[in-house]
Number of protein chains: 2
Amino acid sequence: MRNVTIVHVAEKARVSVKTVSRVVNNEPTVTPDLRARVEAAIEQLGYSPNIAARRMGGGRSFLIVAFNDRTLTLENWRSDRGNNWIDRMQYGAMLRCDVHGYHLLCELIDLESDQLARRVQHVLSTLRPDGVILTPPNCEDPTVLAALKKAQIPFVRLGSAQAGPGARVRMDDQAAARQLTEHLLTLGHRRVGFVTGSPRFLASRAREDGYRGALAKAGLAVDESLLVPGDFTFEGGVAAAEALLARADRPTAILAGNDETALAVLHVARRLSVAIPDALSLATFDDTPSVRLSLPPLTTVRQPVAEMAAEAVDILVACAAAKDGKPPRGDRLLPFELALRASTAPPPAG
Amino acid sequence: MRNVTIVHVAEKARVSVKTVSRVVNNEPTVTPDLRARVEAAIEQLGYSPNIAARRMGGGRSFLIVAFNDRTLTLENWRSDRGNNWIDRMQYGAMLRCDVHGYHLLCELIDLESDQLARRVQHVLSTLRPDGVILTPPNCEDPTVLAALKKAQIPFVRLGSAQAGPGARVRMDDQAAARQLTEHLLTLGHRRVGFVTGSPRFLASRAREDGYRGALAKAGLAVDESLLVPGDFTFEGGVAAAEALLARADRPTAILAGNDETALAVLHVARRLSVAIPDALSLATFDDTPSVRLSLPPLTTVRQPVAEMAAEAVDILVACAAAKDGKPPRGDRLLPFELALRASTAPPPAG
DNA sequence: GCCGATTTGTCCTCAAGTGGACAAATTGAA
DNA sequence: TTCAATTTGTCCACTTGAGGACAAATCGGC
């Protein structure tokens with residue numbers, strides 16, 4: 001059977017091809033009568049306009065590309081710990097694309113590759129998507145941003161703590177860290193350790209600022225020796241935890257830069273027989289499955305990743321529909337949630 | 001800046017458009033000399049052929065669509081337990097697509113919807129993919145299969161226990177269940193309970209067959225009362241576990257139909273103070289992160305989902321490249337692995 | 001019944017590539 | 001040199017839909 005084209009629909013509805021096109025593209029100058037006839041024909045024939053053909057005349061492609069970091073994705077996949085940031089992003093974006101009649105393509109890029117610019121350019125030029133979603137750490141990479149700008153394709157940066165080109169959708173990492181720190185202070189903790197994250201992710205810096213802000217607001221001086229560098233990996237977290245827990249004046253609570261780090265702290269604490277939460281409170285960011293399943297489940301900040309991705313899709317689709325060529329701008333903050341769990345409690349007496 | 005087209009490349013390399021096309025499509029009748037010149041021009045201009053345009057003349061679309069079950073995907077996403085079957089499928093397929101210069105689109109379909117056929121048809125007709133990957137339980141749905149057949153698009157069914165149209169890539173669920181059961185028998189267990197899965201998934205039936213086969217091979221009669229129906233959900237698993245553990249002649253080991261069910265068994269056992277593995281051994285299928293992070297980590301069968309997806313992509317790409325219109329056939333079995341963990345041990349003495 | 005406004009149709013161009021027919025140029029061998 | 005084979009170029013058709021210009025048909029009001 002041949003493919004059903006706009007011509008078949010026109011014949012069946014006994015109208016011109018042009019009229020079918022007008023109906024499909026929701027042009028206002030069609031009488032309800034004719035519109036109904038055309039829609040009936042479309043339904044009966046099971047017609048759907050071919051995306052490739054629509055794209056040809058310079059129209060929309062109905063495609064959105066999400067660029068994910070290759071290394072991160074692979075680690076994520078191989079990891080036993082199920083860090084599902086990217087998965088959640090994808091679910092949110094996919095569902096929203098569906099609503100708009102769009103399609104989501106996930107592409108991997110490798111920031112370390114010397115072919116990076118070429119790779120980004122290739123994907124953009126072969127697919128010609130209507131918009132691009134960038135996830136950390138791609139959303140802060142100058143090469144990627146330059147390639148996007150050159151191709152003049154609208155893009156949204158997801159979860160980036162850095163101002164810059166394109167639109168931005170994120171949660172307020174600084175406020176989240178502040179609230180999490182305040183939660184610990186309210187419980188009575190006064191010596192709160194902080195394992196910082198990878199400098200590659202600017203969100204890590206924002207979290208540190210929030211931590212400092214909460215201490216300052218409570219009138220407490222920041223003990224710089226309680227800030228230990230991690231790098232968002234398990235190994236980095238282990239080293240940092242060992243440094244913090246070996247101290248004579250051990251902190252009574254630790255804020256971990258991300259979940260991977262938190263699991264490392266949990267691991268070290270168990271090895272050193274430091275009971276959580278009795279002897280040490282532990283809080284972290286991201287709320288991946290691993291920290292919900294850990295023993296005890298950890299207090300975290302739930303980042304609204306899927307909602308952020310959905311918002312990004314909305315922005316890009318609106319931008320494509322407007323076709324005024326204006327790149328999307330703005331910085332949308334989505335609300336986060338504290339998930340208070342069994343890993344945080346008042347500090348031990350004395 | 002205008003988009004770089006094949007015409008620009010031709011001008012730069014001082015050859016005809018036709019020759020560039022021949023180079024891009026790897027036709028043999030081009031001298032190495034000219035080929036090099038064209039490739040240099042492509043590189044310098046950063047040219048990538050536009051997928052939409054290639055598709056027009058009836059050529060390949062370089063797109064592969066994976067149809068996932070909407071309900072399952074959403075449950076998966078909302079679940080705290082991170083059942084990442086679909087994610088693993090996607091990683092495997094995406095990586096392989098990348099190698100072939102293909103792109104993966106994940107689309108959700110809802111088997112319960114009365115618009116199902118229309119939905120499948122719409123996606124196929126608007127995207128015109130070169131191939132389709134079906135995941136459970138879509139891969140056994142007659143409406144979906146009929147729509148695929150009508151559209152004449154090659155497809156691979158992933159993880160389906162049922163013979164049928166299209167190619168099939170899967171692991172041997174029956175053998176896996178047999179080996180898992182044998183593992184328990186070798187440890188000394190004689191009363192092994194089995195919580196069956198949802199009849200929607202035929203793999204569940206295959207697992208049951210494997211369980212029966214192992215008992216038969218060991219010369220043991222099957223106690224039908226030890227087979228309790230679950231439905232692959234946590235709630236179903238709870239009910240089944242309660243039934244099994246309430247018995248006077250409680251089984252010393254339980255084989256759960258999938259990980260979700262196993263977690264339910266774990267939950268009930270803890271509530272009833274049945275120690276695992278001391279009083280009860282527990283084994284399951286799928287090896288999702290949740291059963292690696294559980295206490296104790298569970299003995300499972302690791303299903304090579306990503307590898308299966310990669311194999312599916314290879315099949316579809318080969319099929320598209322052959323362009324002889326022959327739909328892919330065959331049934332590839334990929335090796336699974338037993339992950340023996342702390343949840344299985346010899347039965348309690350006495 | 002006429003005028004003007006709105007709706008619908010006709011016709012053409014354009015997008016970016018593929019593929020076929022066939023001619024022209026180049027190469028190699030006899 | 002000449003013929004044949006191979007490589008390269010020319011030219012055209014084709015894919016499916018969008019969109020613009022403009023003509024034709026229809027409708028409503030008076």
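Convention: sequence-line order gives letters A, B, ...; per-chain numbering from 1.
Between B/T31 and the phosphate of D/dT8, there is a side-chain N or O to OP1/OP2 separation shorter than 4.0 Å. Residue A/S21 places at least one side-chain N or O under 4.0 Å from the OP1 or OP2 atom of D/dA18. Close to D/dT15, at under 4.0 Å from its OP1 or OP2, lies no side-chain N or O of A/N50. OP1 or OP2 of D/dT16 has not a single side-chain nitrogen or oxygen of A/Y47 nearer than 4.0 Å.
Nucleotide C/dC11 holds its P atom 17 Å from the CD1 atom of A/I6, rounded to whole Å. In this structure, B/R14 atom CZ and D/dT7 atom P are separated by 21 Å, rounded to whole Å. Atom CG in A/N26 sits about 16 Å away from atom C1' in D/dG19, given to the nearest Å. Atom CZ in B/R37 sits roughly 13 Å away from atom C1' in D/dT7 (whole-Å rounding). The CZ-C1' distance, from A/R35 to C/dT7, rounds to 12 Å in whole Å. In this structure, CG of B/N25 is placed 12 Å from P of C/dG20, rounded to the nearest angstrom. If you take CD1 of A/I51 and C1' of C/dA15, they are 16 Å apart, rounded to a whole angstrom. Rounded to an integer number of Å, the gap from B/M56 CE to D/dG17 P is 8 Å.
Between B/R118 and A/E43, at least one side-chain nitrogen of the basic residue sits less than 4.0 Å from a carboxylate oxygen of the acidic one, meeting the salt-bridge criterion. Salt-bridge formation is not detected for the pair B/R332/B/D314: no Lys NZ or Arg NE/NH1/NH2 atom is positioned less than 4.0 Å from an Asp or Glu carboxylate oxygen.
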| Hey, mind stepping through A/D87 and B/R88 against salt bridge (charged side-chain N to carboxylate O under 4.0 Å, His left out) and telling me if it holds? | CA-CA 10 Å; A/D87 302 329; B/R88 278 149 69 205; over 6 Å; no
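You'll find the side chain of A/R14 reaches within 4.5 Å of the side chain of A/R37, heavy atoms only.
If you check every strand for non-hydrogen atoms under 4.0 Å, A/V15 touches sugar and phosphate atoms only. Counting any heavy atom pair closer than 4.0 Å across all strands shown, B/V30 reaches sugar-phosphate atoms only and no base atom.
On a pure distance criterion of 3.5 Å, no polar donor-acceptor pair joins the side chain of A/K18 and the base of D/dG17.
Between B/E27 and B/A53, the one whose closest nucleotide on DNA chain C sits nearer the 5' end is B/A53. With the nearest nucleotide of DNA chain D identified for both B/R128 and B/P28, B/P28 has the one nearer the 5' end. When the nearest nucleotides of DNA chain C are assigned to B/R22 and B/G59 by heavy-atom distance, the more 5′-ward of the two goes with B/G59.
Among D/dG9, D/dT16, C/dG17, the nucleotide with an atom closest to any side-chain atom of B/P49 is C/dG17.
Summarising the geometry, atom CD belonging to A/Q121 is positioned 12.5 Å from atom CZ belonging to A/R119; distances are rounded to the nearest 0.5 Å.
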